[in-house]
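Taking it in order: structure first as C-alpha cells, then the write-up.
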Amino acid sequence: MEADPVLLLMAMRDGEETEARLARADLSEMRVEPLDQAQAAALLDRHAPDLRPDLRARVLAEAAGNPLGLVELAVVATRLGEDALLPAWLPLTTRLEQTFGAAVAELPAPTRSLLRVAALNDGDRLDEILAAGSVSADEPVTSSTLEPAVLARLLDIDSTYHVRFRHPLVRSSVRQRTGLVQRRQVHAALAQVLRDPDRRAWHRAAATIGPDEKVAAELTAVAVRMRRRGVLATTVAALERAAQLSPRPADRAGRLLDAAETAYEADDHETFQRLVRAVAEPDLPTADRARLQWIQEVARGGWSGGTRLVVHTEIAERMRLDGDTDRALQALCLIALRCWWSNPDQATREAVVAVAERLDADPHDPRLVHILALGAPVERGAVVLERLSLLMTRVDLDPERLFQLGIAATGLGAPGEAAVFLSASVAGLRDQGQLGLLAQALSSQAWTAAQLGDTILGMTAATEGNRLAAEIGQVRTVLITDLMRAQIEALCGNGEAARTLAHQGERTLLAIGAFPMLAMVQQVRGIDALGGGRYEEAYAHLARITDPTDPAYHAYVRFFVVAHLAESGTRCGRRGDVHRVVTELEPIAAVTGFPALNAGLAYARALIAPDDAAESLFRSGIATFDALGTTPWAERARQELRASGETVRRTLDARGTLTPQEQQIARLVAEGLPNREIATRLFLSSRTVGSHLYRIYPKLGVSSRAELARVMTAPGGRP
C-alpha cells in the first residue's frame with residue numbers, strides 16, 4: 001500500500017459514535033452537505049420531469065437536498081397521478097424507510113413513542129410533545145426520554161425548547177412506521193392537550209375514522225377562519241376533510257362545493273375540477289345546484305368576456321327565486337365586475353341591473369351598490385354616487401364591505417371617495433389578517449392613488465399587493481398590480497420599467513383573450529410617451545382605448561384618459577379629433593356625474609378652446625407636480641416657464657429616494673404608529689422595521705420621528 005497511490009473513502013452517518021471515532025483517528029474529514037435548491041431541482045427534474053407543481057414542491061421540501069430522498073420520492077410522487085389529493089406527507093419507499101428508520105429502530109421503546117408524537121405534531125414545542133406523550137403513554141414522561149434521539153443526531157432541542165428533526169425524511173420515516181392504532185392514539189392525545197382551536201380540530205379529524213358531524217363542523221369553522229385570512233389552500237383542505245366526515249349527503253356535497261369554489265378563487269384549477277367531479281349534484285338543495293352551475297360556468301374556458309354573462313345572470317336569478325339573496329348578491333358582484341371589464345351590450349347590462357334591483361336587499365347594501373356601480377356605471381352612476389356619499393358617514397361597515405364600496409367608487413371614477421373607503425378597508429383587512437382580500441384592496445388602492453397622482457402611495461400599495469398576491473397564488477391580482485406599477489413608473493418618468501411591465505402584461509392578456517383589459521396597457525404606454533414628449537405616439541396609444549373597433553377599446557377606461565388624450569392630441573395637431581371625443585363624452589358626463597370624466601373634460605375644453613391664452617399657473621403647477629412625484633410634467637412646466645423668460649430651480653423631493661417599503665414604513669411612522677404595530681401591519685419583525693428606519697433617516701435628512709412625520713406630510717416633502 002505504501003508504494004501505490006491509493007485513496008480510501010469511508011462514509012459514516014453523523015452521530016455520537018462517528019465523532020468519537022474521528023476524534024481518535026488522524027483522518028481528513030469532509031462533511032457532505034445537502035444539495036442546494038437549484039441542484040436539487042435539477043436532479044428532481046431529471047428523474048421526474050412532468051411532476052405536478054404541488055407534488056414537485058412537496059418532494060423538494062421533504063427531501064431537503066438529500067439525493068437519495070429526491071430520487072426515491074420522485075418515484076412515489078409520480079405514482080400518485082394527476083388527480084390524486086396532495087397527501088399530508090409523501091409515503092417513503094422501502095429503501096428510504098429502511099435508510100432513515102434504521103437509527104430510530106435502535107432507540108429505546110419510550111423514546112420511539114415520544115418520537116411518534118413529535119413526528120405527528122404540527123408544532124414543535126417540547127411542552128406540547130411531552131404533554132401529549134404523557135396522555136398517550138398514560139404516565140408522565142420527561143425530556144430525558146428524548147435524550148437518546150438527540151445523541152443519535154435524529155433531532156435537536158434548542159435553547160427555547162423547540163424540537164426539530166435533523167432531516168425531514170427521519171420524520172417521514174417515523175410517521176410511516178406508526179401503525180393506524182398508534183397514529184389515532186397520538187392525534188387524539190394532541191387534540192386533548194392543544195389549546196389552539198384550529199390545530200385541535202385537525203388532530204381530532206385525524207383521529208376520527210367514520211362520519212362525525214361534530215368534528216366536521218369544527219373543521220368547517222377552521223375553513224371559515226382560514227378563508228378570512230386568505231389562506232385558501234388550507235381552506236380547501238379543511239372543507240374537503242369536513243366533507244369526508246359529514247354523515248349527511250347534503251352536507252357532504254355542500255362542503256365539497258364550498259371547497260371547489262375556494263379552489264377556483266385560488267387559481268388551483270386541477271383541484272377545482274377534481275372537487276367539482278366529486279360533488280353529487282342530486283344531494284344538493286336547489287339553491288346550491290344553481291351555485292354549482294354558476295361556478296362551472298365561471299370556470300368554463302377561462303376568460304369568456306361578456307359572452308356568457310347572460311347565462312350567469314340567469315343562474316343568479318334562480319338563486320333569487322329560491323330565496324338565497326346572499327348567494328345571488330355574491331354571484332352578481334362577480335358578474336358586475338366582469339361586466340365592467342367586458343364591454344357588454346346594453347341588454348346584458350340591463351339584465352344584470354334588473355336581477356339586482358329585484359333582490360330583497362337594502363338599497364344601501366354595499367354589495368348592491370357595488371353591483372349597480374360596475375354593472376351599469378352610466379345608467380346608474382348618479383344614483384350610486386349619491387348612495388356612496390351617504391355611506392361615507394357609516395362607521396359600522398366591515399373591511400370587506402368597505403372594499404366593495406371602494407371598488408364601486410373606483411369604477412365610477414370617484415377617486416376621492418374610493419381613497420377613503422379603500423384606506424379604511426386596507427387597515428381593517430390588515431388587522432384581521434385577511435391576506436387574500438388585502439392583496440386585492442391594495443391593488444385597488446394603487447389604481448386610485450395613480451388617478452390622484454399620489455405616486456408614493458400608489459407604488460407602495462402596488463408593490464405590497466403584488467408581493468402578497470404572488471405569495472398566496474392570486475395570479476390575476478399579480479397581473480393587475482404589475483400594470484399598476486407600470487402606470488406609476490410611467491407617471492414618474494421611469495419609461496424603461498413602465499414599458500417592460502406593460503409588455504409582460506400585454507402578453508398575459510393576449511394569451512387569455514382578455515382584450516378589453518389591454519386598455520390598461522395602452523394607458524401605461526400613452527402616459528409614458530406623453531411624459532417623454534412623444535405626442536404622436538402617445539395619442540396613438542390612447543386613441544385605441546376610445547375606438548370601439550379596436551381590441552383595446554374600453555367603454556369606461558376611456559373616461560380616465562381624456563386629459564392625457566387631449567394634451568397629446570392638441571400637441572400633435574389633432575385638435576379636431578380631440579373635439580369629437582369631447583363632444584361624444586359630454587352627454588355621458590352630464591348623466592352620470594362621473595368625477596374623473598368631468599375633470600378630464602374640463603381640462604380638454606381648456607386645451608381646445610379657441611382663446612387659449614398662455615397659461616399663467618406654471619409656478620404652482622411645478623410645485624404640484626414635484627409634490628406628486630410626476631417628474632416629466634414638472635420638467636415640462638419648467639420648460640414652458642423658461643420659454644417665457646423666467647427660471648425656477650428644481651427642488652428634489654427626498655421621499656422619492658425611499659424604496660416602496662421604506663415609504664410605507666415612513667408613512668406609518670408619520671401616522672404615529674410605534675415600530676411594533678408597524679411590524680404587525682406589514683407582517684415584518686420589529687427589528688426589520690428598525691433597520692429600515694436606520695436607512696430612512698439619513699435619506700430624508702431627519703433625526704427623529706417627529707421630523708420624519710413633518711417631511712412625510714408636507715407638500716413636496718419640504719416642511
message = Set out, in order, the CA-CA distance, both residues' side-chain angles and the distance that settles side-chain contact (heavy atoms from CB on, under 4.5 Å) for T546 and L585, then state yes or no.
response = CA-CA 10 Å; T546 67; L585 295 180; over 6 Å; no
Consider only side-chain N and O atoms of [X] and [Y], and report whether a donor and an acceptor are under 3.5 Å apart.
{"X": "T348", "Y": "D345", "answer": "yes"}
{"X": "R667", "Y": "Q664", "answer": "no"}
{"X": "S246", "Y": "R255", "answer": "yes"}
{"X": "R241", "Y": "Q244", "answer": "yes"}

task = Could you point out which residue of R204, R199, R200 forms a salt bridge (Lys or Arg N to Asp or Glu O under 4.0 Å) with E218?
result = R204
Verify, without hydrogens or angle tests, whether [X] (side chain) and [Y] (backbone) share a donor-acceptor contact under 3.5 angstrom.
{"X": "S389", "Y": "L385", "result": "no"}
{"X": "S423", "Y": "V420", "result": "no"}
{"X": "H370", "Y": "L334", "result": "no"}
{"X": "R387", "Y": "P363", "result": "yes"}
{"X": "T448", "Y": "S444", "result": "yes"}
{"X": "T481", "Y": "V478", "result": "yes"}
{"X": "N343", "Y": "Y553", "result": "yes"}
{"X": "D550", "Y": "A552", "result": "yes"}
{"X": "T463", "Y": "T460", "result": "no"}
{"X": "S425", "Y": "F421", "result": "no"}

Check this for me, if you would: do [X] and [Y] make a salt bridge, where the nitrogen-to-carboxylate-oxygen distance has to be below 4.0 angstrom?
{"X": "D482", "Y": "R485", "result": "yes"}
{"X": "R394", "Y": "D396", "result": "yes"}
{"X": "R225", "Y": "D198", "result": "yes"}

At what distance, to the nearest 0.5 angstrom, does [atom1] of [X] lie from [atom2] of [Y]?
{"X": "D283", "Y": "E281", "atom1": "CG", "atom2": "CD", "answer": "10.0 Å"}
{"X": "I335", "Y": "R349", "atom1": "CD1", "atom2": "CZ", "answer": "15.0 Å"}
{"X": "L483", "Y": "Q504", "atom1": "CG", "atom2": "CD", "answer": "9.5 Å"}
{"X": "E400", "Y": "Q440", "atom1": "CD", "atom2": "CD", "answer": "9.5 Å"}
{"X": "D251", "Y": "T220", "atom1": "CG", "atom2": "OG1", "answer": "8.5 Å"}
{"X": "I315", "Y": "R320", "atom1": "CD1", "atom2": "CZ", "answer": "15.0 Å"}

Side-chain touch [X]/[Y], heavy atoms, less than 4.5 angstrom:
{"X": "I371", "Y": "C333", "result": "yes"}
{"X": "L309", "Y": "V352", "result": "no"}
{"X": "L438", "Y": "R430", "result": "yes"}
{"X": "V475", "Y": "T508", "result": "no"}
{"X": "Q451", "Y": "Q487", "result": "yes"}
{"X": "E357", "Y": "L372", "result": "yes"}
{"X": "T262", "Y": "R227", "result": "yes"}
{"X": "P366", "Y": "L397", "result": "yes"}

Determine the minimum heavy-atom distance between [X] and [Y], stating which atoms define it.
{"X": "G505", "Y": "L479", "value": "CA-CD1, 3.8 Å"}
{"X": "P197", "Y": "V222", "value": "O-CG2, 4.5 Å"}
{"X": "A280", "Y": "A253", "value": "O-CB, 3.9 Å"}
{"X": "L452", "Y": "A419", "value": "CD1-CB, 4.1 Å"}
{"X": "L275", "Y": "A263", "value": "CD1-CB, 4.4 Å"}
{"X": "P211", "Y": "P247", "value": "CB-CA, 3.9 Å"}

Parallel, tilted or perpendicular: ring planes of W341 versus H554, cut at 30 and 60 degrees = perpendicular
request  = Assign the ring pair F594 / F560 to parallel, tilted or perpendicular, where the plane angle (0 to 90°) is split at 30° and 60°.
outcome  = perpendicular
message = Please determine whether side-chain contact (heavy atoms from CB on, under 4.5 Å) holds for the pair T410 and L422, giving the CA-CA distance in whole Å, both sets of side-chain angles, and the decisive distance to 0.1 Å.
response = CA-CA 10 Å; T410 301; L422 290 170; 4.1 Å; yes
task = Using the six-membered ring of Y264, assess whether NZ or CZ of R476 lies under 6.0 Å from its centre and within 45 degrees of the ring axis.
result = yes
Single hit among L510, I545, L509 for side-chain contact (heavy atoms from CB on, under 4.5 Å) with V521 = L509
request  = Go through Q445 and E464 one step at a time and tell me if the side-chain contact (heavy atoms from CB on, under 4.5 Å) criterion holds.
outcome  = CA-CA 11 Å; Q445 189 177 45; E464 185 188 6; over 6 Å; no
query = Crowded around E386 CD? As in, over 12 foreign heavy atoms under 6.0 Å?
reply = no
message = Are more than 12 heavy atoms, taken from residues, nucleotides or ligands other than D362, located less than 6.0 Å from that residue's CG atom?
response = yes
request  = With side-chain contact (heavy atoms from CB on, under 4.5 Å) as the test, would you mind laying out the steps for W202 and D122 before giving the verdict?
outcome  = CA-CA 9 Å; W202 279 110; D122 59 326; 5.7 Å; no
